[in-house]
Peer 1: 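The structure follows.
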Amino acid sequence: MLALADFSTRLIAWQRVHGRHDLPWQNTRDPYWIWLSEIMLQQTQVSTVIPYYARFLARFPDVNALAAAPLDDVMALWAGLGYYSRARNLHRCAQVVSEQFGGAFPQSVDELAELPGIGRSTAAAIASFAFGARATILDGNVKRVLARVFGIDGFPGEKRVENAMWTLAESLLPDAAHPDDVTAYTQGLMDLGATLCVRGKPDCVRCPFAADCVANVTGRQRELPAARPKKTVPTRKTWMLVLKDGDSVLLEKRPPTGIWGGLWSLPEAADEDALAAVAHGFGGTEELHRLAPLTHTFTHFKLDIEPRLAQARGACVQAADGETVWAPLSEIDSFGLPAPVRKLLDALQGSLI
DNA sequence: TAAGCGTGGTA
DNA sequence: TTACCAAGCTT
């Protein structure tokens, strides 16, 4: 039986030897660097984040620079990373820290968790990495490790199971630790889950808890943690308008909330006739040229996109609300576009239509 | 409380 | 090809 006090000791020792030490956001206690990485890493894998992280730090070297930037610039840099409320909250958080905290992040978990986009786990990650605070994270990695090592049944997304895991995680923290121990501990939780205790084929042979792990000892690695209950994902369909005027295409800013909130996208309609009317409204021909359809899969639904091309004949009608823009295809990279829209427009530019 | 919210990697 | 989901938060 694994004594609770042994858990952190063994994990810290393992992390120092076998953990990750050269990720771009490691080897610093700069809360801005750490905060930015933690927000980007929410529900997003390390390899996906790395290039975005580098671009953000290059453009916004500190929290005040980020706070002073137009939201549109932040969205453009975030485009492709997904979960765009993170980018809007990131910008709001930077402004709060810059204006209300004099540019210095608060150091306590409770204060951090008050900030936009920072929940309980992210607050603990920032507090432990930046300030050496004794606080536990509880992300997907930790849930998987705890479910297996301690044999916790039930879907971790369920409130009752998650609450039990928070309590357990708190009880496993190293006591009165040196800041470097806290860093190694928090990083160790993530590293163990990300490199050994992976979902598909865990490398139990190399695991420091192999002899004590309930899942390993009982051969239940595949059953723990319990899988998310299955749900059928609905399919939606939309028509998108590629309205061209010379080398420019009409973009419309999406509302700040909902899917792709705050990004620039193509005008949409619920069917082809409605799209023709939209094209006409913007000064385009009502004759629509069919483009190759594409399918985009979200976590909670599937979207079938029917793109249609129309010409604007130099009319260049500007919408009254100022939420539309004619974007030259050569400058399309400077707009924050949803991934499938970027794909569509890239293909269009390649085809020289 | 549970649903809404992206994208790309993996098996 | 389909299923699953990753350093979760917000409403």
Side-chain angles (χ1 to χ4, degrees), chain A residues 19-20 23-26 34-53 75 78-90 92-93 112-126 128-129 136-145 155-163 165-166 169 183 186-195 197-202 222 225-236 254-263 265 294-303 336-343:
Chain A
R20 298 172 292 186
L23 296 170
W25 40 86
Q26 290 184 288
I34 292 163
W35 163 69
L36 181 61
S37 75
E38 291 303 329
I39 302 300
M40 287 188 164
L41 286 161
Q42 289 169 356
Q43 299 287 281
T44 310
Q45 298 191 334
V46 167
S47 57
T48 302
V49 164
I50 286 176
Y52 285 87
Y53 185 71
M75 298 308 294
W78 196 278
L81 199 52
Y83 283 142
Y84 298 99
S85 65
R86 291 185 296 170
R88 299 190 295 275
N89 286 331
L90 185 85
R92 282 206 296 140
C93 182
L112 285 166
E114 292 288 315
L115 295 169
I118 302 180
R120 183 173 175 183
S121 186
T122 299
I126 297 169
S128 65
F129 285 142
T136 188
I137 59 170
L138 186 64
D139 62 9
N141 288 313
V142 183
K143 288 174 179 174
R144 191 167 52 253
V145 169
F155 172 53
E158 187 187 331
K159 201 65 186 172
R160 182 184 58 81
V161 178
E162 187 176 339
N163 286 340
M165 287 187 167
W166 272 114
T183 298
T186 302
Q187 190 64 48
L189 284 175
M190 295 169 169
D191 290 351
L192 192 68
T195 65
C197 195
V198 295
R199 186 172 66 92
K201 196 171 179 291
R222 204 170 49 83
R228 171 187 305 277
K230 292 182 196 299
K231 267 187 301 187
T232 57
V233 298
T235 298
R236 303 178 196 171
R254 298 183 62 88
T257 59
I259 202 82
W260 297 330
L263 293 185
S265 190
L294 56 157
T295 297
H296 190 71
T297 305
F298 298 91
T299 305
H300 51 305
F301 67 94
K302 199 171 77 168
L303 185 64
L337 303 176
V341 174
R342 174 164 302 286
K343 212 169 296 178

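Below, chains carry the letters A, B, ... as their sequence lines are ordered, and counting in each starts from 1.
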Peer 1: Indicate for each nucleotide in nucleotides 1-11 of chain B, in 5' to 3' sequence, whether protein heavy atoms under 4.0 Å reach the base (B), only the sugar-phosphate (S), or nothing (-).
Peer 2: --SSBBB----
Peer 1: Can you tell me how far P in C:dA7 sits from the matching atom in B:dA2, rounded to whole Å?
Peer 2: 24 Å
Peer 1: Please compare A:Lys230 and A:Met190 by the position of their nearest nucleotide in DNA chain C and report the one closer to 5'.
Peer 2: A:Lys230
Peer 1: Ring-plane angle category for A:Tyr53 and A:Trp25, please: parallel below 30°, perpendicular beyond 60°, tilted otherwise.
Peer 2: perpendicular
Peer 1: Quick one: label A:Trp78 by what it contacts on the DNA or RNA (base, sugar-phosphate, nothing), any heavy atom closer than 4.0 Å.
Peer 2: nothing
Peer 1: Mind calculating the distance between CG (A:Leu192) and P (C:dA6) to the nearest angstrom?
Peer 2: 15 Å
Peer 1: Round to a whole Å and report the spacing from CD of A:Gln187 to P of C:dA7.
Peer 2: 11 Å
Peer 1: Restricting to side-chain hydrogen bond (donor to acceptor under 3.5 Å, both in side chains), what partner residues turn up for A:Arg236, sequence neighbours left out?
Peer 2: none
Peer 1: Would you tabulate the side-chain donor-acceptor contacts of residues 34-47 of chain A under 3.5 Å, counting partners in other chains and residues two or more places apart, or write 'none'?
Peer 2:
{"from": "A:Ser37", "atom 1": "OG", "to": "A:Ile34", "atom 2": "O", "distance (Å)": "2.7"}
{"from": "A:Gln42", "atom 1": "NE2", "to": "A:Gly117", "atom 2": "O", "distance (Å)": "3.3"}
{"from": "A:Gln42", "atom 1": "NE2", "to": "A:Thr122", "atom 2": "OG1", "distance (Å)": "3.0"}
{"from": "A:Thr44", "atom 1": "OG1", "to": "A:Met40", "atom 2": "O", "distance (Å)": "3.4"}
{"from": "A:Thr44", "atom 1": "OG1", "to": "A:Gln42", "atom 2": "O", "distance (Å)": "2.9"}
{"from": "A:Thr44", "atom 1": "OG1", "to": "A:Arg86", "atom 2": "NH1", "distance (Å)": "3.1"}
{"from": "A:Thr44", "atom 1": "OG1", "to": "A:Arg86", "atom 2": "NH2", "distance (Å)": "3.3"}

Peer 1: Using modelled atom types only, decide if a donor and an acceptor are shared between the side chain of A:Thr186 and the backbone of A:Thr183 within a distance under 3.5 Å.
Peer 2: no
Peer 1: Round to the nearest Å and state the distance from A:Trp35 atom CH2 to C:dG8 atom C1'.
Peer 2: 16 Å
Peer 1: For A:Ile137 and C:dG8, what is the distance between atoms CD1 and C1' respectively, to the nearest whole Å?
Peer 2: 12 Å
Peer 1: Whether the side chain of A:Arg228 and the base of C:dA3 hold a donor-acceptor pair under 3.5 Å is what I'd like checked.
Peer 2: no
Peer 1: For A:Asp139, give me all partners under salt bridge (charged side-chain N to carboxylate O under 4.0 Å, His left out), at least two apart in sequence or on another chain.
Peer 2: none
Peer 1: Regarding A:Leu23, tell me which of base, sugar-phosphate or nothing describes its non-hydrogen contacts under 4.0 Å with the strands shown.
Peer 2: base
Peer 1: Who pairs with A:Tyr83 by ring-ring contact (aromatic ring centres under 6.0 Å, His included), at least two apart in sequence or on another chain?
Peer 2: none
Peer 1: Who are the ring-ring contact (aromatic ring centres under 6.0 Å, His included) partners of A:Phe301, not counting sequence neighbours?
Peer 2: A:Phe298
Peer 1: Given C:dC4, C:dA7, C:dT10, which nucleotide is nearest the side-chain atoms of A:Arg144?
Peer 2: C:dA7
Peer 1: Return whichever of A:Gly140 or A:Ala227 has its heavy-atom-nearest nucleotide of DNA chain C closer to the 5' end.
Peer 2: A:Ala227
Peer 1: Starting from P on C:dA6, measure out to CG on A:Asp191 and report it in whole angstrom.
Peer 2: 16 Å
Peer 1: Which whole number of Å gives the distance between the P atom of B:dA3 and that of C:dC5?
Peer 2: 16 Å
Peer 1: Over how many whole Å does the gap from A:Lys143 atom NZ to C:dA6 atom P extend?
Peer 2: 9 Å
Peer 1: C:dC9 and B:dG8: how far apart are their P atoms, nearest whole angstrom?
Peer 2: 23 Å
